[in-house]
Asker: 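Just dropping this structure here.
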Amino acid sequence: MSKAKEATMPEEVKGFSQVRLDVDVTTGTFKESKLSKEFVRDWIGGYGFGAKVLWDELKPGVDPLGPENVFVWAIGPYPGTLLPTSSKYGVFAKSPLTGLFGMAISSGSVGAQARRAGINMVVIKGKAPELCYMVIDDEDRYLVPCSKTLAGKGCYETEEIIKEEFEDQRLAVMSIGPAGERMSRMGCITNDRNRQAGRTGMGAVLGSKNLKAICIRGTKPIEVARPKEFYQITKKLIKAANGPSTSKYRDQGTPSGLVSYNKLGMMPSYNHREGTFDHIDIINGDVLNRDWVIKKVACSQCSIACDHLVRVPKTHPDYPNLITSIDVEMCYSFGTATGCYDWPTIFKCIQMCDNYGVDAISAGVTSAMACELYEVGLITKEDLGYELPFSSTKNLVRFTEEMILGKGFAGEIFGDGTRLAGKRLEAKGRKNASYYAMNIKGLEMPAFDLHGMSTFAVGESVASRGACHQRNGAYSVDVKGAFDRFGYDRPVERGKEIINIEDMYTIIDSYIICKFTRGIYENDAEIAKVFELTTGIPFSEQFMKQRGAAIVTLAKCFNLREGMTRADEHPPERFFKEAHTKGPAKGVVLKEEGFQSVLSGYYEARGWDPKTGIPTDETLKKLGLDFAIGKIQLPKQGGKK
Amino acid sequence: MSSSKKKKIHTFIVVDAEKCTGCETCESICSFVHDGVFNPINSRIHRVRIEPVINIALSCQKCEDAPCVKACPEKALTKDEDTGSIIIDAKKCNGCAFCSRACDFGVITLHLETQKAITCDLCEGMKDEFVDPTKGKKEPQCVEVCPKEAVALKSVEQIGEESRIDAVKRLMSEQLKEYEQKKRNQKKKNLRRKK
């Protein structure tokens with residue numbers, strides 16, 4: 001089968017530029033090489049490229065903030081073409097937040113510009129002797145020292161200054177803010193002002209390499225393999241992208257989910273103490289759109305335009321004319337999770353995160369942890385210098401700023417996310433502080449409350465980068481009611497359901513396109529077809545799905561090699577011990593035994609050892625991952641000898 | 001409606017800034033149907049984003065007394081009497097870009113590969129293979145694919161009429177409300193009678 005595939009490989013691959021750029025920032029050298037046809041077919045793009053390169057080239061056990069960490073930037077074959085939502089890029093490295101596989105995806109204009117510059121993947125190693133930014137301007141690639149001009153600057157200003165320097169308003173700029181420079185483990189990368197590669201601290205990794213920004217532009221044309229058919233299908237997809245399957249993203253935006261999740265008791269509130277929010281009459285998509293949204297904008301080549309920009313009126317005493325971009329995750333992290341129901345406060349916090357450069361999910365969830373710690377008395381006014389109960393406003397803004405910039409008690413304790421905050425407080429004798437740290441594998445949880453989500457509890461726990469609904473979208477299983485969301489029956493079937501979703505998500509993250517478009521394709525075969533029409537490489541649905549499974553499994557191998565064990569794939573204790581006091585999931589807690597049985601079911605369905613979660617040699621062979629056999633170091637407490 | 005009526009009334013590409021999201025789809029498709037490859041630098045329509053909130057795309061306005069035509073030292077540019085489009089004689093064009101400098105809207109540019117002037121031709125010059133077989137004719141593809149229907153082919157007369165209607169709606173909003181209320185009441189009455 002695979003031989004037949006190779007026989008029909010096209011003479012020339014389209015879509016992919018196949019150019020890999022290696023940058024040693026220690027010496028400032030750039031080296032170009034060509035990705036083989038087989039490599040691009042088997043690893044598809046974004047997530048796949050990242051997983052393969054990190055597996056092959058990252059030495060296990062290195063310090064994520066040291067020069068040995070490998071930073072990968074990658075796109076698939078689509079940026080710059082007409083395919084809806086195709087201008088996306090991914091960044092990958094060992095995560096300083098989780099110590100495991102780190103990745104984040106963003107969009108805007110970066111993917112398209114990079115593709116026109118002829119770049120498919122950039123692999124950055126080493127550490128620059130001083131703060132500098134990287135330029136990829138078609139064939140010109142160089143580093144520019146900037147410790148005098150850009151150090152300490154926010155992402156917005158950094159972007160503006162570099163664009164001015166190039167006299168090009170369309171230059172794509174990815175930058176880190178002061179948080180990334182000081183290597184906050186929540187550090188993110190901001191581009192096009194409002195788009196972030198937010199999660200798992202990829203901004204801190206850039207900071208550790210002394211890279212303030214990467215700016216890219218290009219003028220090369222992009223060809224596709226079968227232009228006529230490609231145009232027909234994309235025209236259809238653009239129409240579909242404005243049909244019913246994406247209406248919630250276009251109209252109200254993702255905050256449309258606030259009310260529906262609240263109804264299900266899945267809207268995490270007060271640091272996941274509850275699943276319903278007391279002020280849902282204010283914090284919802286209707287009010288947001290009616291009172292605050294002024295414009296919806298799109299990333300390059302996106303038909304949906306989900307980016308809802310809000311503005312605080314000029315008459316507001318504290319944040320006049322503040323404009324920021326909002327989605328449901330921030331309504332949760334700085335809204336329902338911290339108990340805040342003052343929109344301008346939420347907007348201000350989001351803007352600080354985007355501009356100073358931290359992940360607004362992690363930062364909000366860390367703030368929520370602080371609010372709860374304050375309420376239970378584990379941190380005090382004497383510690384902070386101010387009060388911080390749930391539903392704070394000005395003090396929440398103050399706390400957030402200090403946390404991001406690493407100032408005061410807030411910065412010292414909470415500046416690197418929930419997991420370290422818990423440990424630091426416990427080291428100070430504040431017992432049990434980690435109980436309030438809402439993360440899985442160190443990554444702060446997204447906007448789903450797991451009390452009444454028995455399937456997603458497993459999905460979110462096994463997601464490769466830690467608590468994440470983007471790597472593993474199994475929340476839909478609980479929302480749609482395919483299985484009893486309070487029960488644990490048919491664990492292997494549940495496992496299979498989780499896998500189906502996870503594998504397709506992996507393909508989408510490798511392609512890379514936006515998950516909001518997953519409903520515009522008629523079926524998975526059509527998703528596979530787009531690859532073939534673009535690249536000319538034969539690509540069946542079956543092969544595509546096998547590659548999805550292979551990429552997930554390789555990311556898992558990476559995590560195991562870094563010492564992750566089964567015990568790490570587990571939600572915080574709160575979900576097992578403490579039930580909501582109201583709402584549809586009132587009185588419900590996750591059951592340890594049930595959770596473990598579904599987790600084993602998932603492992604089994606994956607062809608991983610049901611006890612340890614380690615992929616079996618047979619599975620590795622089947623997925624073409626022979627190279628990993630014998631390389632996954634068994635964790636010390638592993639069942640085998 | 002008839003073709004004779006279409007003549008002399010110049011139509012051009014108009015973009016509604018309210019609807020435009022700045023997605024660049026128009027640029028992508030423009031370069032693609034003309035050249036067979038994607039490259040916004042060779043697009044005849046140009047997205048402009050000033051701060052994230054202001055988005056629009058511009059293309060040839062078909063000025064009556066077109067400065068680009070006057071500026072061309074090679075006399076390579078002429079104005080089509082019927083459509084109002086600027087016709088570029090590629091043989092004469094030497095790529096001096098005087099036309100670009102003369103254009104108040106920045107919508108006549110040089111093609112990166114050919115170094116000849118390009119501007120919106122309402123897709124008359126699009127490649128045959130991309131013509132929609134169900135329509136069988138060359139039409140502006142940016143209008144066709146704009147996801148938000150923000151791009152339209154309109155005449156000055158149409159634009160004026162639309163603006164006038166909007167203005168009247170604003171000016172006479174009270175009367176309009178009354179009228180619509182009356183209409184609704186009438187409907188209800190009719191329904192009751194039927195029952």
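Per chain, numbering begins at 1; letters A, B, ... match sequence-line order.
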Asker: Mind running side-chain contact (heavy atoms from CB on, under 4.5 Å) on A:Lys235 and B:Asp132 for me, showing each step along the way?
Answerer: CA-CA 10 Å; A:Lys235 226 176 0 180; B:Asp132 186 341; 3.9 Å; yes
Asker: Can a side-chain donor-acceptor contact be found between A:Tyr231 and B:Glu129 if the only test is distance below 3.5 angstrom?
Answerer: no
Asker: Output the distance between atom CG (B:Asp35) and atom CD (A:Glu223), rounded to the nearest 0.5 Å.
Answerer: 11.0 Å
Asker: Of the listed residues (A:Gln232, A:Lys14, A:Arg116), which shares the most heavy-atom pairs with chain B below a 4.5 Å separation?
Answerer: A:Arg116
Asker: Hey, which of A:Val224, A:Ile238, A:Thr234 has the most heavy atom pairs under 4.5 Å with chain B?
Answerer: A:Ile238
Asker: Distance from A:Arg217 atom CZ to B:Ile41 atom CD1, nearest 0.5 Å?
Answerer: 9.0 Å
Asker: Under 4.5 Å from any heavy atom of chain B, what part of A:Gln169 do you find: side chain, backbone, both or neither?
Answerer: neither
Asker: Using atom types as modelled and distance alone, determine if a side-chain donor or acceptor of B:Asn39 lies under 3.5 Å from a backbone N or O of A:Thr219.
Answerer: yes
Asker: By a 4.5 Å heavy-atom criterion (distance strictly below it), what part of A:Tyr156 contacts chain B: side chain, backbone, both, or neither?
Answerer: neither
Asker: Name the member of A:Ala305, A:Cys299, A:Pro227 that forms the most heavy-atom pairs with chain B at distances under 4.5 Å.
Answerer: A:Pro227
Asker: Might you point out which heavy atoms bring B:Pro52 and A:Val297 nearest each other, and give the distance in Å?
Answerer: O-CG1, 3.0 Å
Asker: Measuring heavy-atom distances to chain B, does A:Arg311 have an atom under 4.5 Å in its side chain, in its backbone, in both, or in neither?
Answerer: neither
Asker: Can you name the closest pair of heavy atoms from B:Arg49 and A:Ala298 and give their distance?
Answerer: NH2-O, 2.8 Å
Asker: How about CD on B:Glu18, more than 12 heavy atoms from neighbouring residues, nucleotides or ligands closer than 6.0 Å, or not?
Answerer: no
Asker: Can you tell me which of A:Pro221, A:Gly218, A:Ser87 forms the most heavy-atom pairs within a distance under 4.5 Å of chain B?
Answerer: A:Pro221
Asker: In terms of heavy-atom proximity below 4.5 Å to chain B, should A:Lys228 be classed as side chain, backbone, both, or neither?
Answerer: both
Asker: If we count only N and O atoms by modelled type, under 3.5 Å, do the side chains of A:Asn242 and B:Lys148 hold a donor and an acceptor together?
Answerer: yes
Asker: Side chain, backbone, both or neither: which part of A:Leu82 has a non-hydrogen atom closer than 4.5 Å to chain B?
Answerer: both
Asker: Is B:Glu27 salt-bridged to A:Arg170, cutoff N-O under 4.0 Å?
Answerer: yes
Asker: CD of A:Glu164: more than 12 outside heavy atoms within 6.0 angstrom?
Answerer: no
Asker: Rounded to the nearest 0.5 Å, how far does CD of A:Gln301 lie from SG of B:Cys23?
Answerer: 7.5 Å
Asker: Just checking B:Glu149: does its CD atom have more than 12 heavy atoms from other residues, nucleotides or ligands closer to it than 6.0 angstrom?
Answerer: no
Asker: So what's closer than 4.5 Å to chain A heavy atoms on B:Val48: side chain, backbone, both or neither?
Answerer: neither
Asker: More than 12 heavy atoms of other residues, nucleotides or ligands under 6.0 Å from CD of A:Glu12: yes or no?
Answerer: no
Asker: Around atom OH of B:Tyr179, are there more than 12 heavy atoms from other residues, nucleotides or ligands closer than 6.0 Å?
Answerer: no
Asker: Heavy-atom distances under 4.5 Å only: say whether B:Ala150 touches chain A with side chain, backbone, both or neither.
Answerer: neither
Asker: Kindly compute the distance separating NZ (A:Lys295) from SG (B:Cys20), expressed to the nearest 0.5 Å.
Answerer: 6.0 Å
Asker: Quick one: what part of B:Phe32 sits under 4.5 Å from any heavy atom of chain A, side chain, backbone, both or neither?
Answerer: side chain
Asker: Less than 4.5 Å to any heavy atom of chain A: does that hold for the side chain of B:Ile29, its backbone, both, or neither?
Answerer: both
Asker: Counting only heavy atoms not in A:Tyr521 (residues, nucleotides, ligands), do more than 12 fall under 6.0 Å from its OH?
Answerer: yes
